[in-house]
Amino acid sequence: MDKKLILIDGNSLFFRAYFATAYSGNLMHNKAGLHTNALYGFSAMLMKILDEHQFTHLFVAFDTGKKTFRHDQFEHYKAGRKATPPELLEQFPYVFRILNAARVAHFSLSGYEADDLIGTYAKRAEEQGFEVQILTSDRDMLQLISDKVTVRLTKKGLSELEDNTPAMLQEKYQLTASQIPDLKGLMGDTSDNIIGIPGVGEKTAVKLLGQYGSIEGIYEHIDELKGKQKERFVEYEDLAFKSRKLATIETNVPVEASVEDMKYDDVDAVALTEIFQELDFQSFIKKLNLRQSVLEQNGTDESMGGLLEGLEESNELLVVDKITADMLPDNCALTVEIPTSNYHQAHVEGFAVVNETTRFYVPFMIAKKSEAFLAWLADESKQKAMFDYKKATVGLEWHDIALNGASFDLMLAGYILDSTYTQDEIAPLAASKGYDVAFVENIYGKGAKFAVPETPVVAQYAIDAAHAVWYLKADLENELKANGQYELYQDLEMPLAHVLGDMEFAGIHVNRKTLDNMSDDMEARIGKLEANIHELAGTDFNIGSPKQLGVILFEKLGLPVIKKTKTGYSTAADVLEQLRTAHPIIEDLLMYRQLTKLKSTYIDGLRNVIFDDGKIHTIYKQAQTSTGRISSIEPNLQNIPIRLEEGKLIRKAFEPSDKERWIFAADYSQIELRVLAHIAKIPALIDAFKHGRDIHTETAVRVFEVEPDEVTSNMRRQAKAVNFGIIYGISDFGLSQQLGIPVAQAKQFIEKYFQSFPEIKAYMKETIGYAREHGYVKTLFDRKRYIPEIRSKNYNERSFGERAALNAPIQGSAADIIKFAMIEIERAIEAEELQSKLLLQVHDELIFDVVDSEKDRIAELVSEKMEAAVTLDVPLKVDYAFGRTWYDAK
DNA sequence: GCGAAGTA
DNA sequence: TACTTCGC
C-alpha cells in the first residue's frame with residue numbers, strides 16, 4: 001500500500017458521538033454507572049477504521065481545553081459555548097486509554113487546537129508524498145482539502161461519512177479550499193462565536209467570493225457594492241479580516257513528532273479487551289475476537305497466540321470417531337452443539353466433554369450410535385457442568401436422547417449473580433474471567449449467512465466453551481455462596497429449568513382450523529375498514545404507516561396534534577382515543593389497528609409456528625429479564641389477548657391434547673400487591689387481604705377519604721391505576737398518561753397514596769437508601785437487581801433507578817414465588833404419577849392440560865401448592881377454572 | 001415499568 | 001430504527 005495517513009479530529013468526533021445519542025434520553029452506561037455513549041460511538045468509529053485497514057499511518061489530535069493563540073488575539077473567541085456536560089466529561093479519560101490500548105498515536109499541544117495539529121501534519125505528510133485523509137465533523141476543515149488531502153465529514157451520527165475532494169467543494173459551494181476561511185470571515189460561525197460581517201450569510205458570501213475571489217478582492221472593488229451592504233462592509237472591514245484569521249487553520253505548528261512516528265502496527269488486543277470489558281462493550285470484544293482468529297488462522301502474527309489465560313490448554317484438539325466407556329468421566333463440563341437458537345426439532349452438531357484429564361469432541365452422528373455415550377448422557381450420577389442445560393436437554397429429547405446429571409449451569413449462575421447479564425452465550429462471561437471463547441455469531445454466522453462450518457471449527461469452539469464452563473464452575477459457585485444466593489440458584493433456578501423444559505417439550509395444542517376461520521373473518525372485516533378509511537380520507541394511503549397516517553390526519557384532515565414523537569406526529573391509540581369525536585375516520589382506524597394486530601401477530605403469527613405435532617412449542621427464557629420474571633419467545637405465549645373480547649377469542653384455538661381432557665387455569669389473585677403489603681409491612685393492606693376485602697376499593701377509601709359505600713367506580717378505577725403504578729414502578733408522568741390527567745394531579749394522587757399508607761413511604765426511603773449504598777436491591781429470596789442508575793447525577797436516570805429499586809423486589813419476589821410453586825407442583829404430579837401436565841406460565845398464572853379423571857385432584861393440588869409456596873404476612877389466594885379451551889377456562 | 005413481535 | 005400494541 002502507498003503511504004497513507006489518516007488524521008482524526010478527536011475532539012470534534014468525541015463530542016459528536018456524545019450529542020448524537022445524548023438527546024435520545026437514557027444515556028448508555030456500564031455496570032459501574034459510568035456513562036459510555038460517547039465512548040461507544042468513538043470506539044465504533046475507531047474499530048471500523050482499524051478493520052478497514054486502509055492506511056499505513058494514523059494520528060488522533062485533541063484540544064488541550066486551555067487557551068489558544070486565538071483567544072489571545074480575540075477575546076470573544078468561543079465565548080458563549082455551553083459548559084461540557086459532566087456526563088461527557090467523565091468519559092474523557094477512557095478515550096486516551098482506548099487509544100493507548102489500540103496503540104494509536106495521539107496528543108494535544110498547549111496553545112493550539114486539534115485543527116491546527118491536523119493542518120500541520122496534513123501539510124507535512126502531503127509534502128512527503130502521503131495520501132491524507134482527515135476525519136472530522138468540523139466543516140472548517142474543508143479548507144485543508146487538496147489533490148492529496150480529502151476530508152471525510154460525518155453526516156448524521158457517526159456512521160455515515162461523506163468524502164470531500166476539491167471537485168466536490170467546487171460543486172457544492174462553488175469555492176476552492178483556500179476560500180473557506182474567507183467564507184467564514186464574512187458569514188461568521190456561531191459555534192465558535194466568530195462574528196463575521198453582520199447581515200452577511202452564506203448566500204451573499206459565496207456570491208461575492210465567486211465574483212472577487214477573496215476578502216481582499218472584495219475590498220479592492222468595494223465601490224461596486226451598493227447601499228446598506230456597502231455601508232456594512234466599510235464599517236466591519238476590520239472584523240472581516242480578524243474573523244478570517246480566526247477561521248484559518250494553522251499549518252506550521254511547532255510539533256515534535258514526525259509523520260513517521262505515526263506509523264501504525266496493531267492493537268494490543270489484551271489491553272483493549274480489558275477496557276472494553278470494563279465499559280461493557282461486548283460487541284467490540286466480539287469484533288476483536290474475530291479479528292484475532294483471522295490473524296491466527298493466517299498465521300501473520302505469532303505474538304497474538306494465547307491471547308487470554310486458559311487458552312494454552314486448548315491447543316490439542318481431539319475429534320473422536322469412537323467412544324469407549326473409559327473416556328467418559330464422572331464429573332466434567334459438557335457442551336451440546338445446537339447451532340440454531342430455537343432448539344425444537346433442531347439439528348444437533350455434536351458434543352464436547354472437558355475436565356482436567358479429558359478433552360474431546362464427538363460429532364452427533366457418531367455419538368447417537370454409541371450405547372456407551374447415550375448411557376453416560378442419561379446417567380444422573382455422571383455430573384455435567386453446562387451452559388443452558390434446558391436447551392441441551394430439550395434439544396436432545398426431540399432426538400429421543402435423555403440427558404441427566406446437570407450439575408451446574410453457567411447461564412443461570414451468571415444470571416443470578418447479575419440479572420442484567422442476559423447473554424445467551426458463553427463468550428462474554430468467559431471473557432470477563434479471562435477465558436477465550438468465540439462468539440456464536442462468529443462460528444455460525446447469522447441470518448442469511450448462517451452456516452455450520454467444518455467439524456474442526458465447531459469442535460474447537462465447543463471444546464473452548466466446555467473448557468471455560470469447567471473452570472468457571474467453582475468460581476461462580478463460590479460467588480453464589482458468598483452472596484447468599486446459592487440456594488436461589490441451586491434450589492430454585494436449576495430445578496425450574498427442568499420444569500420449563502418439560503413444558504416446552506410438551507407444547508400446547510392449537511387448532512389450526514379455528515385460526516383459519518378467524519383469519520378469513522378478519523380479512524373480510526379489515527378489507528371493509530380499509531375501504532371505509534380511504535373513502536373518509538379522500539385518498540388511498542398505507543394505513544399501517546404511522547408516517548402516512550399522520551399526514552392524512554393532521555395535515556389533510558386538519559385534526560389537532562395531541563402528541564408528537566421524535567420523528568413526527570404520534571398516532572398512538574391514546575391519541576386516537578382523544579380524537580374519537582373529532583372525525584368519523586378515527587373509529588374505523590382504531591378498529592383497523594385492533595384487527596390487523598390480531599391477524600398479523602396472533603392469528604397468522606400463531607399459525608406459522610404450529611409444529612407437525614399440531615402443537616406450539618414456545619421457548620422460555622430463564623435468564624432474560626432484570627426482575628427475575630421469565631419471558632417466552634417464538635412465539636410469545638405470555639401476551640395472548642384477554643382484555644378485549646375480540647382478541648380473547650384467540651384463546652379458543654388453544655385446546656387440550658385430547659377432547660376428553662381439560663384446560664385448567666390457576667392464577668394468583670393480586671400477588672404483587674400482597675407481596676408489597678408483606679415487604680413494606682402495611683397493616684391496612686395486610687388486614688384487607690386477610691379479610692378478603694376488595695383492595696382497590698380499600699385503596700380508594702383511604703386515598704379519597706370516603707366510606708366504602710361511597711366509592712364510585714371512577715374512584716376505584718383511579719385507585720386501581722395508582723396500585724398498578726406502584727407495582728410497575730411508573731412515574732407521575734406515566735400515571736398521568738394512564739389516567740389522562742395532568743402530571744400535577746397524578747403527582748398529588750401518588751402523594752395522597754403515600755399519606756394513606758405511610759409504611760410505603762418508609763419502605764421507599766429504606767429501599768432507595770439500600771440501593772444507593774449497595775448498588776442493587778434484593779427480592780425476598782435474594783435475587784439481586786443491580787441498579788447503577790440510582791447513583792446518576794441525571795435526574796431522569798436517577799428517577800428511573802429509584803422506581804426500579806422499588807419495583808424489582810415486588811415483581812421479583814412474585815416471580816420467585818410462582819417459580820417455587822411450579823417446582824412443587826411438578827414434583828407432586830410426578831410423585832402421584834398423574835397424567836396431567838403443566839403447559840404454560842404467564843407470570844401469575846399456570847395453565848395445565850388435565851385428564852378428566854384427575855380434575856379434582858389437580859385443582860386441589862395446584863391451588864394448595866400455589867398458596868403454600870411461601871408463607872407471608874398475607875395469605876396468597878388462587879383463583880382457578882376448567883374449560884374445553886383456554887378461552888373457556890375462566 | 002418490562003419483554004416480544006409486527007410493520008414500514 | 002422507530003413506532004405501535006399485546007400481556008403482566
Side-chain angles (χ1 to χ4, degrees), chain A residues 20-21 24-26 156-157 159 419-420 422 541-550 563-577 589-590 592-606 608-609 618-644 646-648 650-651 667-673 675 721 723-735 737-738 785 787 789 799-812 814-815 818 840-847 886:
Chain A
T21 51
S24 65
N26 268 357
K156 45 183 180 182
S159 46
S419 63
T420 56
T422 59
F541 67 103
N542 185 345
I543 309 171
S545 160
K547 201 174 151 193
Q548 290 185 35
L549 180 60
K563 201 165 73 179
K564 288 197 147 194
T565 66
K566 256 185 254 168
T567 50
Y569 312 109
S570 169
T571 65
D574 62 307
V575 170
L576 297 184
E577 204 59 56
L589 273 175
L590 284 164
Y592 176 89
R593 277 259 174 89
Q594 195 194 333
L595 297 188
T596 49
K597 171 83 179 179
L598 285 177
K599 184 168 187 296
S600 66
T601 306
Y602 297 105
I603 300 176
D604 298 342
L606 289 177
N608 288 334
V609 290
T618 188
I619 288 175
Y620 288 106
K621 304 222 74 170
Q622 202 183 341
Q624 178 68 33
T625 72
S626 49
T627 54
R629 278 185 172 179
I630 51 182
S631 72
S632 152
I633 59 163
E634 292 183 71
N636 181 357
L637 290 182
Q638 291 180 320
N639 70 346
I640 303 300
I642 186 161
R643 287 174 194 192
L644 301 172
E646 205 83 57
K648 195 171 179 178
I650 302 280
R651 295 179 174 224
D667 68 289
Y668 279 114
S669 161
Q670 316 272 19
I671 188 163
E672 279 99 350
L673 282 176
V675 168
N723 276 332
F724 270 89
I726 299 293
I727 291 166
Y728 293 130
I730 64 173
S731 56
D732 44 15
F733 174 78
L735 183 65
Q737 292 286 304
Q738 183 75 35
R785 164 154 186 198
I787 306 173
E789 296 90 345
S799 299
F800 166 77
E802 291 175 357
R803 291 195 300 274
L806 299 172
N807 162 255
I810 299 169
Q811 240 190 68
I818 195 164
L840 304 178
Q841 190 251 39
V842 191
H843 307 307
D844 64 353
E845 181 185 17
L846 298 175
I847 314 295
W886 191 4

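Reminder, nothing fancy here: chain letters follow the sequence lines and each chain counts from 1. As a basis for the values below, the full set of heavy atoms in this structure was taken, side chains included, without hydrogen atoms, waters or symmetry mates.
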Exercise for the section: Select base, sugar-phosphate, or nothing to describe what Asn807(A) touches, counting heavy atoms under 4.0 Å on all strands. Expected result: nothing

Exercise for the section: Using a 4.0 Å heavy-atom cut-off across all strands, classify Ala573(A) as base, sugar-phosphate, or nothing. Expected result: sugar-phosphate

Problem - Sugar-phosphate, base or nothing in reach of Arg593(A), heavy atoms under 4.0 Å - result: sugar-phosphate

Practice task
Step through the shown structure and confirm whether more than 12 heavy atoms of other residues, nucleotides or ligands are within 6.0 Å of CD on Gln548(A).
Solution key: yes

Problem - Rounded interatomic separation in angstrom, taking CD from Gln638(A) and P from dC8(C) - result: 10 Å

Practice task
Looking at every strand, decide which applies to Thr627(A) at a 4.0 Å heavy-atom threshold: base, sugar-phosphate, or nothing.
Solution key: nothing

Practice task
Provide, to the nearest angstrom, the distance between the NZ atom belonging to Lys599(A) and the C1' atom belonging to dC6(C).
Solution key: 18 Å

Exercise for the section: Write down the distance between NZ (Lys621(A)) and C1' (dA5(B)), rounded to a whole number of angstrom. Expected result: 14 Å

Practice task
Please work out if Thr596(A) contacts a base, only the sugar-phosphate, or nothing of the nucleic acid, heavy-atom cut-off 4.0 Å.
Solution key: nothing

Practice task
Using a 4.0 Å heavy-atom cut-off across all strands, classify Gln548(A) as base, sugar-phosphate, or nothing.
Solution key: nothing

Practice task
Would you tell me if any nitrogen or oxygen in the side chain of Thr601(A) comes within less than 4.0 Å of OP1 or OP2 on dA5(B)?
Solution key: no

Practice task
Without swapping roles, check the side chain of Arg785(A) against the backbone of Ala805(A) for a donor-acceptor pair under 3.5 Å.
Solution key: no

Exercise for the section: Determine whether any donor atom in the side chain of Arg643(A) lies under 3.5 Å from an acceptor atom in the base of dC6(C), or the reverse, and answer yes or no. Expected result: no

Problem - Residue whose closest nucleotide on DNA chain B lies nearer the 5' end, Gln624(A) versus Arg803(A) - result: Arg803(A)

Practice task
Mind checking Ile730(A) for me? I need base, sugar-phosphate or nothing, with any heavy atom below 4.0 Å counting as a touch.
Solution key: base

Completion exercise
To the nearest angstrom, the OH-P distance between Tyr668(A) and dC8(C) comes to 16 Å

Exercise for the section: Answer yes when Glu577(A) and Lys563(A) have at least one side-chain N-carboxylate O distance shorter than 4.0 Å, and no when they do not. Expected result: no

Handout entry: Under 3.5 Å donor-acceptor, Ser632(A) side chain and Pro635(A) backbone
Key = yes

Exercise for the section: Please determine if a side-chain N or O atom of Thr625(A) lies less than 4.0 Å away from the OP1 or OP2 oxygen of dC2(B). Expected result: no

Exercise for the section: Classify the nucleic acid contact of Ile640(A) as base, sugar-phosphate or nothing, counting any heavy atom under 4.0 Å across all strands shown. Expected result: sugar-phosphate

Problem - Phosphate-side-chain proximity, Ser632(A) and dA4(B), N/O vs OP1/OP2 below 4.0 Å - result: no

Fill in the blank from the handout: Among the nucleotides dG1(B), dG3(B), dC8(C), whichever has the atom closest to the side chain of Ile642(A) is dC8(C)

Practice task
Using atom types as modelled and distance alone, determine if a side-chain donor or acceptor of Glu789(A) lies under 3.5 Å from a backbone N or O of Ser799(A).
Solution key: no

